Amino acid sequence: MKQSKLLIQTLRETPKDADVVSQQLMMRAGMIMKLAAGVYDYLPLAFRSIRKFEQIVREELERDGCQELLMPTVQPAELWQESGRWSFYGKELLRFQDRKGADFCLGPTHEEVITDIVRRNVRSYKQLPMNLFQIQGKFRDEIRPRFGLMRGREFIMKDGYSFHVDDADADREYWVMFNAYKRIFGRLGVKFRPVEADSGAIGGSFTHEFHVLAGSGEDAILSCDSCDYTSNIEKTEAPCLPVGNHGDGFKLKRDHFCTPGVIGQVEQAAGMKDATHNGMPLAQTSKFFLYRATFADESSKLVGAVLRGDHEVNPVKVKNLVGALDMEMMPLEEAEAFTGAKSGFMGPVDLKGVQMLVDKSLQGAFNLTCGANKTDYHHFGLDPARDLPGCTLADIRMAVEGEVCPRCGKGHYQAFRGIEVGQVFKLGIKYSKSMGCTYLDEQGKDQPMVMGCYGIGITRTVAAVVEQNYDKDGIQWPWPVAPYHVHLLNLDPSNPEVNEVATRLEQELEAAGFEVLHDEREGMSPGAKFKDADLLGFPLRATVGAKGLKDGVVELRDRRTKEVRKFKPEEMVAEVSAARDRILQELREAGGR
RNA sequence: CGGGGCGUGGCUCAGCCUGGUAGAGCGCUCGGUUCGGGACCGAGAGGUCGGAGGUUCGAAUCCUCUCGCCCCGACCA
């Protein structure tokens, strides 16, 4: 490919609204352009990388017998009403009407459509299992799109769905997909981790997210340094860390103390072992949160969470524990009206109609302090077991880096940041049941199919690859998803000899199966071409110039190691092949973990 | 949704406070000199100053409304 004909405009300056590295570099490299908030053009170079990654995904999924199909982006409301999600899916679902006033939406995901397809085409257990996938544009009207391709509103996704006769077979397929995903991300040569994740209240089954590790990742991951327990912090099991009870084992009766000004000092207070404040010992504080949880049947209830003062509540755990569909903190004014105390003096005692959850690190604790639900007063001597009848003891806190892993009891949590690029999920019969996707079993009885779903964010993965592969000069594409393999720089295109050699090398390399971008643009200084080549970041850069040819040599440079080799033009194909083999070998060794 | 900021040529931005001929650098076109890490000279093309309304002799600039974009927040009871 001749670069003079390529649709590309590299930028010397960073566009001002690009806030993450992948977005900055891909915009500067002329790969993507922003069309609207969270909506991007994928220009030819980016599209090549996208297509290459899609191809990897296809190959690995087809190895496991998955079938590719393509569903429409526009979906009728009826299907969503059938599954019940038309009303539950929030504002992320972009809805609109056609000229007749019929409701439609842009598909953010395709459970409804695929379930409809399968229920109309599959009747017998003999046809199962079946695993179908598509690669397609999705639209989710995010509250706040950001981070370029990593959190766009429109993006390309691989979504796959499997259908099974029973739970056991769905579980089997889950692990088949789990391993397929490990191969897929392994082939990219990026550092990634499969991560145990929150599966939400529905189904309650297990799920893994696949994360590409990158400092700019939106998700926090904790990984045990001894066993292989790795999980999203939303889900990470927190070890039980009981407080030593204050008061030498004397269980005090609960009483309240005037403590004006003790607000928002829980953290500090908890750190001061023997400190007192207005006569109130602060060694053992508790903190308290009030939530309103809403459920699938549109009912709602109040939920209270009680934790050690120095611990952080994990709202996802609280939400799942009560089985809520959605949960939010009670607005301050409402909470003040409900408890009768100003912020800083609310507490869990004697609140009616509140499901009370107590973090398990408070098991056996007594003599705790807590808000007294009376402004300027705190209780001292709180004993959850005694004072909070009907409370549930559970893990509701956020685990923290460095804590002992409760799974193996030996290792400690290490923290990572990750970009979620894939997820495998067991759906169960949520959709097949509500939408009547059934099969006839061997007894001729109607049974709902058990489903699994499997997603990979294609465009997000490509961005994540960039997040993990760049230096100050530009991108460093891993071979498998590089837009081109070789950037052939023709430094003197007006020099007939140089031009002849460069053109011949382009043809030879392409004949040998390499993808070559030949920079034969005229009137550009060598420096400018080098800068552009670094920015675009193809794995290999071949240089042909008058200066080199005078000595009978051309050059090959590795974008990553910056190693340069000089040799005769006729050795180019062999040199590129050798470099490719070496790069792919290193990639295999680095792949996976 | 709450708070803050920004909309001026393809990109980065100045001009606005204090109203009076729309600017710079990069990029683009043409000519020339250069030519191994973003060269230089000269000549050009390209802008309803996001949009609407208002104030004024006169608005990129002041006022009102509106649209778009960006950032922060939306867990410490």
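Chain letters run A, B, ... following the sequence lines, proteins first, then strands; residues in each count from 1. Computed from a predicted structure; not experimentally measured.
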Please measure how far the P atom in B:G25 lies from the corresponding atom in B:C69, and state the result in whole Å.
32 Å
Rounded distance in Å between the P positions of B:G53 and B:G46:
27 Å
Counting heavy atoms from C-beta on, name the nucleotide in B:C75, B:C70, B:G38 closest to the side chain of A:Thr10.
B:G38
Which nucleotide in the list B:C76, B:G36, B:C69 gets nearest to the side chain of A:Lys287?
B:C76
Residues A:Arg151, A:Glu142: salt bridge by 4.0 Å N-O rule:
yes
Quick test of your reading of the model: are A:Lys317 and A:Glu234 salt-bridged, counting only N-O distances below 4.0 Å?
no
Go through B:A39, B:C76, B:G36 for me and flag the one nearest to the A:Ser525 side chain.
B:A39
Taking a pair as Watson-Crick or G-U wobble with both distances under 3.5 Å, which nucleotide is matched to B:A43?
B:U29
Can you tell which of B:C69, B:G27, B:C76 lies closest to the side chain of A:Arg153?
B:C69
Could you work out the separation of B:U29 and B:A45 based on their C1' atoms and round it to a whole Å?
7 Å
Could you check which nucleotide pairs with B:U48 in any of the strands shown, counting Watson-Crick or G-U wobble with both distances under 3.5 Å?
none
Minimum-distance nucleotide to A:Leu11 side chain [options: B:C11, B:C35, B:C75]
B:C11
Once hydrogens and angles are ignored, does a donor-acceptor distance under 3.5 Å link the base of B:C75 to the side chain of A:Glu312?
yes
Starting from the 5' end of RNA chain B, give me the residue, A:Ala305 or A:Gly548, whose nearest nucleotide shows up first.
A:Gly548
Looking at the base of B:G37, is there any donor atom on it, or on the side chain of A:Arg541, that sits under 3.5 Å from an acceptor on the other one?
yes
Using both distances under 3.5 Å as the test, list the Watson-Crick or G-U wobble partner of B:U34, or none.
none
Proximity to the side chain of A:Ala37 - top-ranked nucleotide from B:G38, B:G36, B:C70:
B:C70
Tell me the interatomic distance from A:Lys531, atom NZ, to B:G27, atom C1', rounded to whole angstroms.
17 Å
Span that lies between the P atom of B:C49 and that of B:A39, in whole angstrom
35 Å
Kindly assign one of parallel, tilted or perpendicular to the pair A:His487 and A:Phe538, based on the angle between their ring planes and the thresholds 30° and 60°.
tilted
I want to verify a distance call: between B:G36, B:C1, B:C11, whose nearest atom is closest to the A:Ile143 side chain?
B:C1
Given that both distances must come in under 3.5 Å, which nucleotide forms a Watson-Crick or G-U wobble pair with B:A59?
none
What integer distance in Å separates A:Lys16:NZ from B:C26:C1'?
16 Å
Can you confirm whether the side chains of A:Gln23 and A:Tyr40 place a donor and an acceptor under 3.5 Å from each other?
yes
Closest to side chain of A:Ala36, choosing from B:C69, B:C76, B:C26
B:C69
If pairing means Watson-Crick or G-U wobble with both distances under 3.5 Å, then the partner of B:U18 is none
Determine which nucleotide pairs with B:C6, using a 3.5 Å limit on both distances of a Watson-Crick or G-U wobble pair.
B:G68
I'd like to know if A:Gln9 reaches the base of B:G27 with its side chain, counting only an N/O donor and acceptor under 3.5 Å.
no
NZ of A:Lys568: more than 12 outside heavy atoms within 6.0 angstrom?
no
With both distances kept under 3.5 Å, what pairs with B:U12, Watson-Crick or G-U wobble?
B:A24
